[in-house]
Amino acid sequence: MTSNENKLKSKLFHCMIAGLLAIYLVQSADAQVVPVPVTVKAVKNEGTKPRNVVFILSDDHRYDAMSFMGHPLAKTPHMDAMAKNGVHLKNAFVTTSLCSPSRASILTGLYTFRHRVIDNQRAVPKGTLFFPQYLQQAGYKTGFIGKWHMGHANDNPRPGFDYWFSFKGQGQYYPPGPKYTINDNGKRVPQDGYITPLLTRKAIEFLEQQDGADEPFFLYLSHKAVHDPFTPEPKYKDSLKDRPFEFPASSELLKDNLKNRPRWLLDQRNSWHGMDFALHTGQSVELLYKRYCEALGSVDDSIGAVMQQLKEMGIHDETLVIYMGDNGFMFGEHGLFDKRVAYETSSRVPMLMQCPEIIEGGSVVEQVVANIDIAPTIMQAMGLKKPPHMDGRSFLPLAQDETIPWREYFLYCYYWEQNYPQTPTHFCLRGAQYKYTTYYGLWDTDELFDIQADPKEQKNLIHDPAFARTKQQMQSRLYEMMEELGGMEIPMNPPRGRQQNKRLRNRDGVKAADFPEAFIVDEPLRQIK
């Protein structure tokens, strides 16, 4: 045997051992759920260099709405620069595609059924720990600027932050009146104009105060944009009005249910969350989409301003910057509008990360990463050990092209809200090839997609006999993971807020969808003698 053959054989052996070890470690990690501790205990990784971290979050930014992704409307030169100078995490997802639950998962490193923030109406439960509390205890300066949203009734400073600049609930693109104020570190101050550049200015001010600091800092810049009502900054308004627009192929109106799609999905088309009655406005999806992308321009400007400030401070290359959206958004995919569902365009988000000292520019991470991984990633970058109760894992080694154990499956959950009753409770398991979703408690069809062969999720394989074994395997693994992670109880909240449950009459609003074809039989199935 030649020297090269020996090397190849040795490499294959080590790859096999690494693969077996990865499966063992992943399964072992999933099999144990550590309760959230009562107190914060920051533990430093000795011998590591703590880094400054800037985390920038936008609202409702879908995964493909960046110009380097070939999007027909979005213009994002600064996001493009992040992808060029850093890493694009192309398969980034959220565990629940809804503002407050997603943000809670970012801050806690926990799945929705563990942090119990299951809707947009309530504050986080008492005793919840946020990862910036660990950073703060370790002596690092922390700042939060922008949309918090968990507990929309107040904008009081939350634990873990030395500086706080925020507003109640969704906030406003423009101040609605002369008495409208924002919480600036405990003081009431008027909102000074359009919200996105205002938050950017506050972020720059925070960064300026860190210049020359002995300890690393963490900045959490959380934009209101591009949430509806999509309101662009004046310099971007109507900049896309003449651009051509095409609906996605999956927006096709189904006159029957021969494709075995869920009835709730077909009915949702004519609703607040459907393309035929989007947000109950009567406005075209084309207009809303263009306004959305115009508003995104200011978020991109914000990223550029932060990068420029880091350069001026001389810390650009050593600072880790992460950008992501809090959930995806649909503009006609599956006939829908908005988010909440497990479909890719709803649950998948943009994620970019750069730190030239440790990450090679132009890198791409293929593995599935999630919002629950943000806390462990930032803590590792800042030289702290991940608390054992967190569900997520640091993806910083993946960005550095290291081979580490990683997840085989990604879990998604959504809990029904009375406010928006069109979307049912559902649980989803996404693997490398197949994606299984069950709609809990409904007399309706579940869904199974081959996301490699059918990335637009149009061919439901759940009733195909050839995929019966795959369906059973995915279903079993879904419930195994839910049990392993402590998610077998459905959290419930008392109703709060009004229902957006209306339909438009002139678009078949008085009719319900047909049952899936697989449910229909022409002859009795049993005979009783």
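Residues Met66 and Leu352 form a side-chain contact, since some pair of their non-hydrogen atoms from C-beta on lies under 4.5 Å apart. Side-chain atoms of Pro397 and Gln380, non-hydrogen and from C-beta on, do get closer than 4.5 Å to each other. Contact annotation: the side chain of Tyr163 never approaches that of Thr142 to less than 4.5 Å [non-hydrogen atoms, C-beta and beyond]. In this structure, the side chains of Leu129 and Thr108 stay at 4.5 Å or more apart for every pair of heavy atoms. In this structure, the side chains of Phe410 and Thr95 come closer than 4.5 Å at one or more pairs of heavy atoms. Contact annotation: the side chain of Asn419 never approaches that of Gln499 to less than 4.5 Å [non-hydrogen atoms, C-beta and beyond]. Ile106 places a side-chain heavy atom less than 4.5 Å from the side chain of Phe55. At least one side-chain heavy atom of Arg122 sits under 4.5 Å from a side-chain heavy atom of Pro494.
For the pair Arg263 and Phe515, the distance from NZ or CZ to the six-membered ring centre is under 6.0 Å and the angle to the ring normal is within 45 degrees.
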Is there a salt bridge (charged side-chain N to carboxylate O under 4.0 Å, His left out) between Lys339 and Asp60 once you walk through the steps? CA-CA 8 Å; Lys339 59 242 183 189; Asp60 287 353; 3.0 Å; yes

Could you walk me through whether Trp264 and Tyr440 pass ring-ring contact (aromatic ring centres under 6.0 Å, His included), step by step? CA-CA 12 Å; Trp264 70 262; Tyr440 196 83; over 10 Å; no

Hey, mind stepping through Met481 and Leu429 against side-chain contact (heavy atoms from CB on, under 4.5 Å) and telling me if it holds? CA-CA 9 Å; Met481 282 188 66; Leu429 185 70; 3.6 Å; yes

Given salt bridge (charged side-chain N to carboxylate O under 4.0 Å, His left out), test Arg51 with Glu318 step by step and report yes or no. CA-CA 7 Å; Arg51 296 190 173 275; Glu318 67 189 60; over 6 Å; no

Glu344 vs Lys456, test: salt bridge (charged side-chain N to carboxylate O under 4.0 Å, His left out). Steps then yes/no. CA-CA 8 Å; Glu344 298 281 291; Lys456 303 299 183 183; over 6 Å; no

Show the numbers, then the answer: is there a ring-ring contact (aromatic ring centres under 6.0 Å, His included) between Phe131 and Phe218? CA-CA 11 Å; Phe131 79 85; Phe218 171 64; 5.4 Å; yes

Given Arg103 and Asp326, is the salt bridge (charged side-chain N to carboxylate O under 4.0 Å, His left out) satisfied, shown in steps? CA-CA 7 Å; Arg103 290 159 189 267; Asp326 70 340; 3.2 Å; yes

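We find that Arg477 and Glu484 are joined by a salt bridge, their nearest charged nitrogen and carboxylate oxygen being less than 4.0 Å apart. Note on Glu447 versus Arg261: salt bridge recorded, some NZ/NE/NH1/NH2 to OD/OE distance being below 4.0 Å. Comment: Asp450 does not engage Lys459 in a salt bridge, judged by the lack of any side-chain N to carboxylate O separation of less than 4.0 angstrom. Note on Arg340 versus Asp338: salt bridge recorded, some NZ/NE/NH1/NH2 to OD/OE distance being below 4.0 Å. Under 4.0 Å is where a charged nitrogen must lie from a carboxylate oxygen, and between Arg496 and Glu417 no such pair does. Salt-bridge annotation for Glu215 and Lys141: absent, with no side-chain N of the basic residue lying under 4.0 Å from a carboxylate O of the acidic one.
Other residues, nucleotides and ligands place more than 12 heavy atoms under 6.0 Å from the CD atom of Glu517. When the shell of 6.0 Å around NZ of Lys386 is examined, it contains more than 12 heavy atoms from other residues, nucleotides or ligands. Around NZ of Lys471, the count of heavy atoms belonging to other residues, nucleotides or ligands within 6.0 Å exceeds 12. Within a 6.0 Å radius of CD in Glu489, no more than 12 heavy atoms belonging to other residues, nucleotides or ligands are found.
Here the rule is side chain to side chain donor-acceptor pair (under 3.5 Å) with Lys147, and of Gln170, His227, His223 only Gln170 fits it. Tested against Pro101, the residues Asp119, Val94, Asn120 include a single side chain to side chain contact (heavy atoms under 4.5 Å, CB included) partner, Asn120. The one candidate from Tyr292, Tyr63, Tyr289 that meets the ring-ring contact (aromatic ring centres under 6.0 Å, His included) condition with His71 is Tyr289. Of the candidates Ser102, Ser222, Ser100, Ser100 is the only one forming a side chain to side chain contact (heavy atoms under 4.5 Å, CB included) with His149.
Taken to the nearest 0.5 Å, the CE atom of Met324 stands 4.0 Å off from the CE atom of Met351. The OG atom of Ser302 sits 4.5 Å away from atom CG of Leu221, with the distance rounded to the nearest 0.5 Å. For the atom pair CZ of Phe206 and CH2 of Trp164, the computed distance is 13.5 Å after rounding to the nearest 0.5 Å.
For Trp416 and Phe427, the distance between ring centers is not under 6.0 angstrom. When ring centroids are compared, Tyr415 and His426 stay outside the 6.0 Å threshold.
Side chain of Gln500 to backbone of Trp272: no donor-acceptor contact under 3.5 angstrom is found.
Below 30°, between 30° and 60°, or above 60°: for Phe144 and Tyr220 the angle between ring planes is between 30° and 60°, a tilted geometry.
Under the ring-ring contact (aromatic ring centres under 6.0 Å, His included) criterion, the residue pairs touching residues 335-387 are Phe329-Phe337, Phe331-Phe337, His334-Tyr343, with sequence neighbours excluded.
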